[in-house]
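Remember, predicted model here, so these are calculated numbers, not experimental data.
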Amino acid sequence: MTGEKILAFSLIILNFVSVYGLYADQAGKFDWRQQYVGHIDHLFWDQSVTLGKRILVATDQHLVAAIHSHNGSIAWRKIQEDDNRGVIDAIDHQNNALVTVNGGGRFVRSWQPSSGSLYWEVELFKSSDSSTRGDIRIYSKDEVLALSPTAVHKLNLHNGKEKWALQLPAKDNVVFGRLVLHGSNLYVVGRSAGAHVMVISSDSEGTLKQQRSVPAAWIKEETDCETLDEGVLLCYDDVSSNLQLLNLESGQLFVEVQLQELGLSAEGKAMSLEKLRLHTSDHAKSHLLLRIGGNHMAILKVSKDRVQVVKDLPKVSAAYVTKVEDLDILLTLQRVSKQSVLLVGYDLASGGEITELSQSITLPASHGLPTKLDAVVVKKNGRLAYKALVRSEDQSLQLVQKSGRVSWKREEALASVLSVEMVDFPVSENQAKYEDEFGAQKEDVVSMFVKRFATQFQQLKNLVIHQLQKLQGHRHHSVLEADALEEDEEEEELTRDEFNINKMIVVVTGAGKIFGLRSTNGHVQWSVYLPELVAFRTNDKDNIMLFVQRTTAHFPNPPQCVIIGKNKLTGQGLLYAFNPISGQPVGDVPYGGLSLGYNVKQAYMIGEVDDHFLRGIIFLDDNHQIHTYPETFMSVAMDVLPSLFMYVADTQTGFLKGFKAKLHDKDIIADNVWTINLQKKQQIITNVVGKRVLEQVHSQGRVLGDRSVLYKYMNPNLVVVTTEGEEASSLTKGSNNFVNIYLIDSITGHIVFHASHRKTKGPVNVVHVENWVVYDYFNQKARRHEIAVIELFEGKEQGNSSAFSSFTAPREPLVLRQSYIMPVHITTMDVTVTEKGITSRSLLFAMTAGKILSLPKALLDPRRPVIPSQETMEEGTIPYIPEIPISTEMMVNYYNSVDKIKGIHSSPAGLESTSLVFVYGLDLFYTRVTPSRMFDVLKEDFDFYFISLVLLGMFLVTFFTQKLASRKALSRAWK
């Protein structure tokens, strides 16, 4: 075969498998995108335009953004670096100036508040220490002060040019972190944990005036301290549960202020100090908010030698002080019921209540307690009006206006999704009646007939009503009727559609909040907040486990999901079982979650079900004892005890351990049966990836070009473990990075396959499906990203076609592998999933540019030949090309970029051709993909009327020809 034919054949195959074009009218029809900013750390009302039109925020997602106050949409957002350089240490805003200090005081950036454009950027020093934090203060209309770990810099606010720099002493492990402006004096405060506090003072020109150390053996890195422009430093000593006050101008020692003398008591509650930031109020220079636990606050007036309580605010969880004309106003929030909080306004000078500012605000318990309050209060026609921004424990942000009406809210917890599952909607009422009919106990024929007749009559009634609504249209409906119809449509969406495409997307977030999202539009159907839930932390990754114990397929049993995390206070396991359609807890599980009373070392869902079709969860604690949820599932576990195995990957020690369940004194314990030491000193475990629970595999083998079958190595117990390390080299200066991959049988601990990639580094992303594994890495030698594929086969003879056992496994599998050049950087990956596994699979790659690439698995086949033969052409194998081709038609999210993607979750639909894809990160994106096209559904432009006419014509022709044929046969008989 000539080279031209090979090239032509390759191009034809590539075009055949990789074109997924989207028509313009289909954009947004089956997909949606939601954009977020993340947990808000800093918030300002924009003063560059009319006050209150926009909200300027800086978040934990390393971004600065502006939000429209009238509808809560994002006006602009600027995402900065993912590493330490993008961490926003401090931000300040005055008039038309917005400046931030990033990366531990390394960068100072000035932004335009109206558009988000970057005016200028200044790098204060070359190296960065992640343990330090910078500070920044706008000094005047033309100057800004910035604090780096080594110096204080005065910069020109308009162009960033440095006017002067005051070098700070580098000794005694002092970490400087606060700037204080008091008159014409500048104070820099640093701390040395367990030793002292250092105070540096200078004048406005950067001339050093004084340097002194104040003993503070009680101070720690995490000690909460606040500074005031009155020239004082106030800290909370969590050891003695008292306040420590220091006069920055002349104080030589901290003055201890006992809370009992102030009429306050910590009583073991978490204490914190909060600063009043509003510059229009004089109280911002001398007042602080002291938080005592979650719902008790006090306003403190701080002078250079004393602290006094201005107002004690029991049951208050958020407070704010502002100034309107000559009136200093205190606004407070306190929860009064599960559905509402009370906003109360006070005159701070007299302490009297301002009744026209006191309102009840709807704030469901699913938001937790309000934690921050920022408001704009104005006087119109002699009356006070306000806009208030409420931040809650669940990281939500909502705008409240006069009369207590919530104008909009933003669920920013959705920017920290950790786990996702898609659950089928329940069947409709009529379908439920059919299910009840067939699943009912013994009934006589008459009652079954009456039930069937009533069900079908109801179907006919619904059909007539639906057709009448179509004929009438919306002409005769009022606005209220239209709203009612819209609500009915929303209720109908909660029932299963014809092709089971619409799902309930259950997401668990790092904020401890659980959401139920409709897959049709992404709207929040329900939400639950668990204040004590936190994630497991492994290798700098957070994880909360989410399992679907029972789907909606087992009517009348309701569906059930379970979430497993850690208790924030005790560190023990926390479990929450709930109905994924309604979000309500099930059984004896309380609304805040069920504390397990032990540390969870491993948890997984087993395949066996109980009498109610519920799959049980198996837990392994620190004492190697096995627990189940629900507890009644222990009897099922006893029945399948010989087949209960589990493994634990300890990233702290580098050990992989396998356990077998056995009976011991009426309890089930885990017996260690194998151990693998991966040498923690040489490499660290980065990924442990098993197969999907209840994975659908359509074919057990692959048909070759010679009509023989290459059988797949289908080991359901196979686990992929990846490690990264660094080895010293005697030939070259420095070290060589490497990536190792292990395929391990989790039942026996047998290493089925091991490969090592030298001069490579992660992060490594892994997809493990059927008999193949795909993973990526960075090749340091070639300076490029590469992607590798491993496929395992038993050979041309199958060991056991009905079941697989790790103890009677066939001979070592045939391992085929190949590497390809990936022209883009991958942040995470997944694979499409269909209901029966018949459809060809596509790999989904998330790229740093916010695009989601759909790549056919055929392009990552290790059997792609360099020179095609007749057999490989018959088999349909694509000729080998080192680089993976990428085109814009392969991007499933077209122009809808999804920023900072953390994960991709795919789920099957009722149609075998369709896979549902949910992408989460800073943004959310949902769509449908068809790797093998829509082979099981007629096209949208299919001409039903023409086909109907053809069928009718064929029926008439058949009828008349039958009559003619019978008449002709009769005539022949008479002859």
Side-chain angles (χ1 to χ4, degrees), residues 20 22-36 73-74 410-425 489-490 492-509 513-527 546 548 561 580-581 583 827-835 839 842-847 849-854 890-911 913-931 934 937:
Y20 295 94
L22 186 74
Y23 292 104
D25 60 346
Q26 292 177 322
K29 188 174 184 180
F30 304 116
D31 60 82
W32 48 263
R33 180 186 64 167
Q34 296 176 356
Q35 293 184 306
Y36 298 94
S73 63
I74 298 176
R410 295 185 59 86
E411 296 284 3
E412 293 301 336
L414 287 170
S416 60
V417 175
L418 298 180
S419 301
V420 178
E421 286 289 348
M422 294 191 193
V423 182
D424 298 341
F425 281 123
E489 290 178 0
E490 290 182 355
E492 288 178 2
E493 288 182 4
L494 296 181
T495 59
R496 190 176 304 175
D497 58 295
E498 184 178 2
F499 295 122
N500 195 19
I501 292 178
N502 300 331
K503 307 269 187 176
M504 178 68 75
I505 305 176
V506 180
V507 299
V508 185
T509 66
K513 193 166 186 180
I514 314 162
F515 293 90
L517 307 178
R518 297 180 184 175
S519 65
T520 51
N521 50 24
H523 290 173
V524 177
Q525 179 64 28
W526 56 264
S527 62
L546 171 62
V548 180
C561 290
I581 305 302
T827 58
T828 186
M829 65 173 74
D830 198 11
V831 65
T832 57
V833 180
T834 54
E835 191 171 41
T839 306
S842 285
L843 287 157
L844 302 169
F845 300 101
M847 299 185 293
K851 299 298 181 182
I852 301 111
L853 171 68
S854 178
M890 302 166 74
M891 307 299 173
V892 299
N893 58 334
Y894 44 104
Y895 59 78
N896 285 326
S897 296
V898 184
D899 292 313
K900 305 183 76 168
I901 299 175
K902 297 177 183 177
I904 303 174
H905 179 82
S906 59
S907 179
L911 293 173
S913 63
T914 305
S915 182
L916 310 177
V917 177
F918 180 74
V919 183
Y920 56 93
L922 179 60
D923 303 331
L924 303 181
F925 180 76
Y926 171 86
T927 189
R928 310 175 191 172
V929 294
T930 53
M934 297 286 288
V937 176

Original post:
Can Leu924 and Tyr36 be said to form a side-chain contact (heavy atoms from CB on, under 4.5 Å), step by step?
Top reply: CA-CA 8 Å; Leu924 303 181; Tyr36 298 94; 3.9 Å; yes
Original post:
When you look at Tyr920 and Val898, which way does the side-chain contact (heavy atoms from CB on, under 4.5 Å) test go after all the steps?
Top reply: CA-CA 8 Å; Tyr920 56 93; Val898 184; over 6 Å; no
Original post:
Taking it one step at a time, do Asp923 and Arg33 satisfy salt bridge (charged side-chain N to carboxylate O under 4.0 Å, His left out)?
Top reply: CA-CA 7 Å; Asp923 303 331; Arg33 180 186 64 167; 5.4 Å; no
**OP:** Start with the C-alpha gap between Ile852 and Ile901, add the side-chain angles, then the distance that decides, and say whether side-chain contact (heavy atoms from CB on, under 4.5 Å) holds.
**Re:** CA-CA 9 Å; Ile852 301 111; Ile901 299 175; 4.1 Å; yes
**OP:** Would you check, one step at a time, whether the test side-chain contact (heavy atoms from CB on, under 4.5 Å) holds for Thr914 with Glu835?
**Re:** CA-CA 9 Å; Thr914 305; Glu835 191 171 41; over 6 Å; no
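Distance alone, capped at 3.5 Å, is enough to place a donor-acceptor pair between the Asp497 side chain and the Asn502 backbone. Looking at Ser897, its side chain never comes within 3.5 Å of a backbone N or O of Gly850 through a donor-acceptor pair. Not one N or O on the side chain of Asp899 forms a donor-acceptor pair closer than 3.5 Å with the backbone of Leu922. Within the 3.5 Å criterion, the main-chain N or O of Val831 finds a donor-acceptor partner in the side chain of Ser906. At distances below 3.5 Å, not a single donor-acceptor pair connects side-chain atoms of Lys902 with backbone N or O atoms of Val919. Side chain of Ser915 to backbone of Thr834: no donor-acceptor contact under 3.5 angstrom is found.
Put simply, the side chain of Leu418 does not reach to within 4.5 Å of the side chain of Thr509, judged on heavy atoms. At a threshold of 4.5 Å between non-hydrogen side-chain atoms, the residues Arg518 and Lys503 do not count as touching.
To the nearest 0.5 Å, atoms NE2 (His523) and CH2 (Trp32) are separated by 9.5 Å. Atom NZ of residue Lys513 and atom CD of residue Glu411 lie 3.5 Å apart, to the nearest 0.5 angstrom. Expressed to the nearest 0.5 Å, how far CG of Asn893 lies from OG1 of Thr927 amounts to 8.5 Å. To the nearest 0.5 Å, the span separating OG on Ser907 from CE on Met422 amounts to 5.5 Å. If you take CG on Leu844 and OG1 on Thr832, they are separated by 6.0 Å, rounding to the nearest 0.5 Å. Between Tyr926 atom OH and Thr520 atom OG1 the span is 8.5 Å, to the nearest 0.5 Å.
Of all the heavy atoms in Leu517 and Phe918, the pair that sits closest is CD1-CZ, 4.4 Å. Val892 and Ser854 get closest at one heavy-atom pair: CG1-CB, 3.6 Å. Among all heavy-atom pairs drawn from Ser913 and Thr839, the shortest one is CA-OG1, 3.7 Å. The two residues Gln34 and Leu414 come nearest to each other via the heavy atoms OE1-CD1, 4.5 Å. The two residues Val524 and Phe515 make their nearest non-hydrogen contact at CG1-CD2, 3.9 Å. Of all heavy-atom pairs between Val423 and Cys561, the closest is CG2-SG, 4.2 Å.
A salt bridge is defined here as a Lys NZ or Arg NE, NH1 or NH2 lying under 4.0 Å from an Asp or Glu carboxylate O, and Asp31 with Arg928 fails to meet this definition.
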